[in-house]
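In what follows, a structure is listed as structure tokens, so that the remarks can point back to it.
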Amino acid sequence: MTAQLTVVRAGALTTVQDAGRHGHAHLGVPRSGALDEPAMRLANRLLGNDRDAAVLETTLTGCALRPDGAVTVVAGGAPCAVTVDGRPAPWGVPVRVPAGAVLNVGTAAAGVRSYVAVAGGVTVEPVLGSRSTDLLSGLGPEPLRDGAVVPVGTPASPVAVPVAAPWPAPPAELVLPVRLGPRADWFSPGALRVLTSATYRVSPHSNRIGLRTEGPALERVSEGELPSEGMVLGAVQVPPDGRPVIFLHDHPTTGGYPVVAVVAPGALAAAAQAVAGTPVRFTLG
Amino acid sequence: MTWNPALTTRPVGRHALLVELPDAGRTAAFHAEVLRRRAAGALPPVEEVVPGARTVLLDGVRDPEALARVLGGWEVPPAAADHGDVVEIPVRYDGPDLADVAALWGVATEEVAALHAARAYRVAFCGFAPGFGYLTGLPEELHVPRRATPRTRVPAGAVALAGPYSAVYPRATPGGWQLIGTMPDPGPLWDPGRERAALLAPGTRVRFVVADTARGVAAA
């Protein structure tokens, strides 16, 4: 049986996310998708969902939902207090929410993004093969607002038996392994030493498009404009102010600022959970 | 005549390769060759092929180094001028920057339409917004700078110029390009529910047609 979730409290930013919109970058379509992809997959696995079933991604302040039929959910990702009709419920494992009860996913105690997966998955209409909200170009469903209704699919039968699963802790320090290039030659050797030795901090202006950093500016040796070229997930782009921006899932698909290095894909989930002020170190590797 | 591109390739992280080409024409030819070989199953799996102004990004590649070696052996035919779909875009030349562009071109305002519509264009690459194509084809003497102050809102269907490029805005966004006209019905530019979501995808040839009245969009 399918159900619907009514959004009682949308929180700061809650969006629908799945594994993203692939294969359309040449048309200017960002990949989008869950920023902490391992967290999305683990939550789905605990429910017997397809690994890439759509989930809700919250930002810092969680959200509250009321199903019109009983549902099983997992709230994972950034750790937070979970309640059902005000009674404490566990985080990170399946929770049964009766029809009409309010599931509250609280403010993140650490980290940024919590994931609310529901057995059967969120089944908003896909756009270009994905249900993800893309904040850069406005594809997919709008960010959720109070009162919005979210459809849920048919759960796997039976819902998988809960297993204890380790959820990685949000980073106290963000270590980002990078490979230099493709435009490292636009920067001085000194700038490359700064990149790999200085401590940056996560800027509060970060979002789903990019993790912005605060720290020493990287000096360019090559002046002028870079003709627009394709951009990858994890690209460390350096705008004119010299502060590295790490491209996350809603990044533009082409751009005109030089990319000094690229972050290893395995480090991006931690980047998505790094709160403003977290120290950032770039390491070669 | 084919050319060995003597490619410059730059690794981009662990799973992508940026291929640099000497000019826009050879970028278009190389991009077309990548697509041909991929369609023929003669290319290792690549998730995204993203052309830029002078580059083609191959992203989602298992072994970028091995792919770079393969590309080094390619012979690439030049881009045929008549290759690719042709799309006609009707334009009312009524943009707010028409007089400024005329002044930059050193012509009367009335001549902008004829000069712009006389050229053959091709979508070099997309970006900025879904379905926003960067069209090459204007000769260098008609290149114009961006506006000093970007507009906070450029309407969908605005026909615009900046640097070597022409474009048609698929939806309303901020923008700093010079607006010379309007596509009367911009609806066909971008439709994610359609098999071909972007009317102006990379490689598409474009002709601008002067529309005096409410003409519909010519069939692609």
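The sequence lines fix the lettering, A, B, ..., with proteins before strands; numbering per chain opens at 1. For clarity, every value in this text was computed on a predicted model and none was experimentally measured.
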Inset, instruction - Inspect the surroundings of CZ in Arg207(B) and state if more than 12 heavy atoms from other residues, nucleotides or ligands are less than 6.0 Å away. - result: no
Legend entry - Side-chain touch Arg10(B)/Val259(A), heavy atoms, less than 4.5 angstrom: no
Legend entry - Under 3.5 Å: donor-acceptor pair, side chain of Glu48(B), backbone of Ala25(A): yes
Inset, instruction - Identify which part of Ala197(B) has an atom lying under 4.5 Å from any heavy atom of chain A, answering side chain, backbone, both or neither. - result: side chain
Legend entry - Shortest non-hydrogen contact between Arg31(A) and Asp59(B), atoms and distance: NH2-OD2, 3.9 Å
Legend entry - Per-residue contact mode, His15(B) against chain A (heavy atom under 4.5 angstrom): side chain
Inset, instruction - Could you tell me whether Arg145(A) atom CZ has more than 12 heavy atoms of other residues or ligands within 6.0 Å of it? - result: no
Legend entry - Within 6.0 Å of CD in Glu141(B), more than 12 heavy atoms from elsewhere: yes
Inset, instruction - Select, from Pro227(A), Pro182(A), Gly230(A), the one with the greatest count of heavy-atom pairs under 4.5 Å involving chain B. - result: Pro182(A)
Legend entry - Within 6.0 Å of CZ in Arg212(A), more than 12 heavy atoms from elsewhere: no
Legend entry - Portion of Leu226(A) that has a non-hydrogen atom of chain B nearer than 4.5 angstrom: neither
Inset, instruction - Check each of Val232(A), Thr253(A), Thr254(A) against Leu57(B) using the side chain to side chain contact (heavy atoms under 4.5 Å, CB included) test, and report the only one that passes. - result: Val232(A)
Legend entry - Residue Glu223(A) excluded, over 12 heavy atoms near CD under 6.0 Å: yes
Legend entry - Contacting region of Val12(B) [heavy-atom separation from chain A under 4.5 Å]: both
Inset, instruction - Check whether more than 12 heavy atoms from other residues, nucleotides or ligands sit under 6.0 Å from atom CZ of Arg36(B), and answer yes or no. - result: yes
Legend entry - Option from Leu27(A), Val29(A), Leu128(A) for which side chain to side chain contact (heavy atoms under 4.5 Å, CB included) with Pro130(B) holds: Val29(A)
Inset, instruction - Heavy-atom pairs under 4.5 Å with chain B are the metric here; pick the option from Arg183(A), Glu125(A), His24(A) that has the most. - result: Arg183(A)
Legend entry - Where Pro265(A) and Arg14(B) come nearest, the two heavy atoms and their spacing: CD-CD, 4.4 Å
Legend entry - Non-hydrogen atoms of Arg171(B) and Ser137(A) that approach each other most closely: NH2-O, 3.1 Å
Legend entry - Contact origin within Pro11(B) toward chain A - heavy atom pairs under 4.5 Å: backbone
